[in-house]
Amino acid sequence: MNIVILLGAPGSGKGTVAAKLAAENANLKHVSSGDLLRGAVAKGTEAGKAAKDFMEAGKLVPDELIATMIKDVIAESTGDVTMLLDGFPRNVAQADILEKTGAEIRSVVLIDVPDSVIQDRIAGRRTCPACKAGYHVKALPPKVEGKCDKCGADLVIRKDDNPETVKDRLVVYHQQTEPLIAYYKEKGLLRVVDGDQGPEKNAEAFKAAM
Ligand code: ADP
């Protein structure tokens, strides 16, 4: 098992890219920290209860809480699998925790998207609560409006995808997550992909970089 880390601002499309590649290749496993947390909130677990308010405010949940979930997934993964780790680490403390697990990091792919296009992207974002597929009303519309192509469930707008919370999430990204660019550059692991080319080309460029 080795890991490819996806770095990028909220709305950079990293989740969509990872989901698409994992669907095409059985040896890729998409692990989204946001999906793990939303699952825990929906189930009402202790971790979910502890995470809910942070998530709704657009803040990071405590490092140990998410790190424990990620460590569990890593421990369960064996064999010839590449994990596309989407949304973790989100700050240098989490990157240090990941390093201590001894997990082999193959590369860190930064999906680079300017802030100016982020608000628009998130405003059009729709998510399937059942199978987690992601859509965009303009860039990646579902075949039937409001319904998931894959499982037919009603698509939803995430609670934290409102313009105010998005602003807060971008501040968090610049302050806490962006330092990871220098952190992984120094380790020689960073690859940068232009994330403003549309979902298909983004996925191709990502594949070439990983
Ligand atoms: P996006 O990439 O669109 O910002 P995510 O689904 O990755 O959204 O994350 C949604 C929320 O889940 C974050 O705003 C944060 O509250 C929480 N979260 C996800 N991953 C982490 C993490 N690694 N550390 C702390 N909080 C996290």
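Quick note: residue numbers are just sequence positions, from 1. Just so it is clear, the structure is predicted and the values come from calculations on it, not from any experiment. For ligands, and for the atoms within them, numbers begin at 1 and follow the listed sequence.
With sequence neighbours left out, Lys49 forms a side-chain hydrogen bond (donor to acceptor under 3.5 Å, both in side chains) with Glu46. Taking the side chain to side chain contact (heavy atoms under 4.5 Å, CB included) definition, one finds that Asn25 meets it with Asn27, Leu28, sequence neighbours left out.
Here the side chain of Tyr183 pairs no donor or acceptor atom with the backbone of Glu178 at under 3.5 angstrom.
Salt bridge annotation for Glu99-Lys187: present, with a cationic side-chain nitrogen under 4.0 angstrom from a carboxylate oxygen.
Listed by first and then second residue, the side-chain hydrogen bond (donor to acceptor under 3.5 Å, both in side chains) pairs involving residues 119-128 are Arg125-Asp161 (not counting sequence neighbours).
Protein residues having at least one heavy atom under 4.0 Å from any atom of ligand 1 are Pro10, Lys14, Ser33, Gly34, Leu37, Arg38, Met55, Lys59, Leu60, Val61, Ile66, Gly87, Phe88, Arg90, Gln94, Arg125, Arg158, Asp160, Arg169, listed by chain and number.
Around NZ of Lys132, the count of heavy atoms belonging to other residues, nucleotides or ligands within 6.0 Å exceeds 12.
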